[in-house]
Amino acid sequence: MTVPSESARTTGPSDISIALTGSGGAGVMTAGNLLLEAAARAGWYGLMVRSSGPQIRGGEAAALLRIATHPVECLSDRFDVLIGVDWQNVHRFAQEIPVDTASLLVGDPDQGEPPEVFVKRGAQLAQVPFKKTAKAIPGSWPNMIMLGVAASLAGLPAEAVEQVVRKANKGSGDALAANLAAVTAGFTAARNLSFAGSLGGARRTEHPRWLITGNQAAGYGALRGGVRFVAAYPITPATEVLEWLAPMLTEIGGALVQAEDELASINMIIGASFGGVPSLTATAGPGLSLMTEAIGLAVSAEVPVVILDVMRGGPSTGIPAKGEQSDLNIALNGLHGDAPHVVVAPNSIADCLSTTQWAVHLAEQLQVPAIVLSDQFLGQTRSVIDRPADVQFMGARSVLEAGVQGYNRYALTESGVSPMAIPGTPDAAYTADGLEHNERGVPSSQSTDHSAQLDKRQRKLLGFEFGSHWAEIEGDGDADIAILTFGSCTGPAREALSRLTAQGIRARLISLRLLAPAQPERLAAALAGAKRVLVVEQNHSGQFLRHLRADSDLPGEVRSLRHPGPLPIRAAEICREITEWKAA
Amino acid sequence: MKAQKTRKPSARDEETEFLTRAWAMEVEAVERYSTLADTMEEHNNPEVAELFRKLARIEQLHADGLEEHNRSLRPQEALAAGKALWETSTGPETADPAELHYRMQPYHALQIALAGEQRAHQFFVKAARAAKSAHLRKTALEMAAEEAEHVQLIEDWISRTPKPDANWAYDPDPPGSGD
Amino acid sequence: MEGRMNTASPAAVPCTPQTFKSDTKPIWCPGCGDYSVLSSLTKALAMLDLRPENVVVVSGIGCSSRIPAYTTCYGFHGVHGRALPAATGLKVARPDLTVVAAGGDGDGYSIGGNHFLHACRRNVDLTYIVMDNHVYGMTKGQPSPTTEPDWDSKLAPGGTRMRTFHPMVIALAAGANFVARAFSGDPNGTAKIIADAIRNPGFSFVEILSPCVTLRPEQREWKTQVHAAPVGTTDDPARAARRIMTDDGFNIGVLYAGTRPPYHAVVGVGTRRVDDLETEFAL
């Protein structure tokens, strides 16, 4: 079997966005994953976002890919190619798949017309008979034809695709041959399509790279930080964190317990951490709501735990499979009483690793719960990334080594952190309590004790040196315009920044990782001299802006660029806003 | 108490067991009266708290006396094993904590003590009856006689103690709130 | 208040029940059954030759849940209804410790009901003692799941009119490995049952009738109503199930002591190092 050779193209576009759609078992996700893996094998970067209807099986599905010769952190503003194995209910994805006159729509002539909503945008139409072609190759599937077409349009070398298809079909000789033939047929069919957006040929990169999702990265970061006990309840879009951690924890000598609900999860990890083992749970908005009472217990009893919240559309059940940055309110202010705690937010898929690892370090060091605000986009998007540099954050709990006469668990130390006795240590037993207590840990309703302990629990956070990981500050530090954001909006903001710079518009970008405790002085320094501050966030009410204003006077004019999920904030929106603002 | 499975208990074993029980009875009574004193102190009833402390001190004297009398005893081991030494659910002389009331009067506390001493007396009478050796019987009867004295002492004490009036338990306030 | 310190070296002096009692004076009303339960617990721990630093008492909220601080063991006084998950997480992470969860009937069977079910199912090696007084004591007298249906109260005038919760039936049905009832008025007997419970592998459940002298003074009659169970312990769940269905609520003793293997998290010495895991992602 011969594989058509690709003409080596060393120049041309460096970035292509392809959407694959279909339904009813068409295997769109499989094809998408193989396409991403082939790109990885070819030495490129890329990412894939999955979108699907609510059905468990057979629903309409879309694999949204961006493939590039350089690292990418978000979807593009538009799609170059939309390939539909069929068009069942694909119109539901219209808002997520923006196309225009430069886009190419490829469909099966036997599956009817593409949805009106795409056609009227003026995209070019082309046809490939996926079903008929697959039927002509016994044992093959239409999605493999689609894979060949997509790979060819992307400019991927056929060898790369062949390698990943081999790997996926290991051990099934006939199926493998059929699928390889189908891929080849796809390449052949693509030849007939008029398309100028293909990327240059294969390239070698020396930098080690990973293929990973944000959920996996967060799980790995937790283990690197020292977590060895996890208890959790499955919830979209956090379940994959647990699925990855369960076997890994076993292999490194830890344990994962599937709890009966989120109330059990949070209390289990508090119990395990009380026993001395760094612990974590992963959830989404509804689960975080359930956990708030116990998170307050961890604050009061000063027991470190990490809660990973993979944010999704809210409120209530909301939009489970789509990201949104709307859990800020509850993460920051959802605990009753005055309950200072740590909240951090990773700003990219790679950053999910280091920031979760950092969260474990902070929780352990400060004996406090730390909430990590990831989101569905970061969590479930699979991406080829440069291998992240190792970070040195490691859980370092202050532990009482040996019993002392009159041990005060909650002693009023200068730093606010008091050594914790771990069960098993003689002559140091104490009772951890959610009730307010004195230094010894005995329940107390005295005003002096309450004030002293409140001061202690606040002091330990406010007096801590959080270091340079608190924010990522990029661009022109003297620029009038500042973009202020966090989390998954950082990717589009970075792209906007580079486009603006190319247009001669200077701007600086500040992406916060540390959301609580607030760092007003450092923020003021980062914003010093800015005349226009654009606060970018993916929610309806401006939770981030309100949080910033609670602790800081933002300089100059302040504008809010925001909209809720399910659609991401795109680089073009940020560019447009700033360009218009500058002109105003 | 060692389980004597392979040979018949000797007179010496029987005596050791008996003295250990007697000692444990006093010690348990001391602990119980101390706990009751703590409880009444915590519930702001100092008069009864002090009375229980006095009773605890008295029982401690009895316990010390027994230990003095029988240096060869190693009762700590028996207690450490925490083994149930009694046929009843607690030692005969141990006050029943369910008999307390936060507003109880010294009169009530003494009734509790009286019941304890009476049970202790009964314990020694029964032990004397069941004793296999003459020496043990003699010892048990001596101790029974001592308990009888204690009973008398408490009864005298009671006679000097005012009876509570009908409203002793009255508290106009409803129960407070907790956690 | 000073906690009792064990300054002697562990090997030298065996622990007595007093070793396990702290100096903290309970806030329980004089006459409360929980004093006896505390006494029984400390006796049981001494009987088992345990040391305070290796025992953790985990509780929720309520009068009974105050118990951890009254022992010299490590204690965890958590939030209402969540003693069992905290105890579970602790035991799975630290299998070397002896973990005793404790609380009342409200904490355990109402808000804690779901966790009770799943803790019985999960069968982690820990012991759960519930001091049941058929009332919400700490909040001053509301019906609990074990309160009689016709007990009048402010929040349920005329009674709840709900069938009572039968904890031993539920425990047995859900898979607890040891199910027993004890009575606070029999401290030695209760101590023995608690010791047996701790000794029995897996999830051991001990329901302890413990009268509330303040809100349910009529429970003084319990001491005339309790009686030793007419039959001995069985390890046959079906037999236990038949027996419990005719239980009068006052049978004292161990109903069921099973042999189901306890939950074992797959923990232990790891076969891989954390740093090696990056091969999962490396291209």
Side-chain angles (χ1 to χ4, degrees), chain A residues 40-41 208-212 216 220 223-224 228-229 231 244 248 250-257 259-261 263-265 267-277 279 293-294 297 301 384 387 403 405-407 421 423-435 440-443, chain C residues 1-3 5-7 10 22 24 51-58 61 66 68-69 71-94 96-97 99 114-115 117-118 122 265-275 277-278 280-283:
Chain A
R41 198 148 294 263
R209 293 167 309 143
W210 287 358
L211 180 56
I212 193 171
Q216 291 168 330
Y220 191 30
L223 297 183
R224 284 232 180 126
R228 292 295 180 268
F229 180 82
W244 187 80
M248 295 300 138
T250 304
E251 293 192 37
I252 61 168
L256 182 142
V257 174
E260 56 270 24
D261 58 29
L263 302 166
S265 306
N267 281 282
M268 282 184 188
I269 66 171
I270 294 172
S273 182
F274 170 77
V277 178
S279 304
E293 184 200 22
L297 169 66
V384 182
R387 182 198 181 282
Q405 189 72 24
Y407 165 57
T425 309
D427 301 328
Y430 72 100
T431 294
D433 218 316
L435 282 170
R440 165 62 61 131
V442 174
Chain C
M1 295 177 186
E2 297 295 314
M5 292 297 175
N6 185 354
T7 51
S22 81
T24 307
R51 298 205 53 82
E53 62 266 16
N54 295 326
V55 180
V56 187
V57 183
V58 180
I61 299 287
R66 287 291 194 123
T71 73
T72 57
C73 308
Y74 279 86
F76 187 84
H77 186 205
V79 290
H80 198 28
R82 319 292 171 200
L84 285 175
T88 298
L90 175 61
K91 179 68 183 185
V92 173
R94 290 288 306 277
D96 57 303
L97 299 170
V99 178
N114 191 37
H115 305 308
L117 270 176
H118 296 283
R122 198 174 285 114
V266 191
V267 182
V269 181
T271 52
R272 282 167 91 178
R273 291 171 40 243
V274 176
D275 289 340
L277 296 181
E278 74 170 273
E280 299 288 316
F281 313 115
L283 287 166

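Letters A, B, ... mirror the listed sequences (proteins, then strands); counts begin at 1. Only heavy atoms go into these numbers, but all of them, side chains included; no hydrogens, no water, no symmetry mates.
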Q216(A) vs E280(C) side-chain heavy atoms within contact, under 4.5 Å: no

Residues forming a salt bridge (charged side-chain N to carboxylate O under 4.0 Å, His left out) with R122(C), sequence neighbours excluded: E260(A)

Heavy-atom check, side chain of F274(A) versus side chain of V56(C), under 4.5 Å: yes

Greatest number of heavy atom pairs closer than 4.5 Å to chain C - which of I269(A), D261(A), I270(A), V277(A): D261(A)

Worked verdict on E251(A) versus T271(C) for side chain to side chain contact (heavy atoms under 4.5 Å, CB included): CA-CA 5 Å; E251(A) 293 192 37; T271(C) 52; 4.0 Å; yes

Partner residues of A421(A) under the side chain to side chain contact (heavy atoms under 4.5 Å, CB included) criterion, sequence neighbours left out: L400(A), Y407(A), A428(A), Y430(A), Y74(C)

Selection from C73(C), A282(C), P68(C) maximising heavy-atom pairs under 4.5 Å formed with chain A: A282(C)

Side chain, backbone, both or neither of R209(A) within contact of chain C (heavy atoms, under 4.5 Å): both

When S265(A), A40(A), A432(A) are compared by non-hydrogen pairs under 4.5 Å with chain C, the top option: A432(A)

Pairs of heavy atoms under 4.5 Å with chain A: top-ranked of V99(C), L97(C), V55(C), L117(C): L97(C)

Max heavy-atom pair count under 4.5 Å with chain A, selected residue of A87(C), G81(C), A93(C), A86(C): A86(C)

Side chains of F76(C) and N267(A) in contact at under 4.5 Å (non-hydrogen atoms): no

Top of G434(A), G441(A), P423(A) for chain C proximity - count of heavy-atom pairs under 4.5 angstrom: P423(A)

Heavy-atom contact with chain A under 4.5 Å, split by part of L277(C): both

Inter-residue atom distance M268(A).CE - H115(C).NE2, 0.5 Å rounding: 8.0 Å

P443(A) versus R66(C), closest heavy-atom pair with distance: CG-NH1, 4.2 Å

Segment of A231(A) engaging chain C (4.5 angstrom heavy-atom cut-off): neither

Largest heavy-atom contact set with chain A, pairs under 4.5 Å, which of H80(C), R94(C), K91(C): R94(C)

Under 4.5 Å from any heavy atom of chain A - which part of R273(C): backbone

Contact origin within D275(C) toward chain A - heavy atom pairs under 4.5 Å: both

Under 4.5 Å from a heavy atom of chain A, the part of V274(C) involved: both

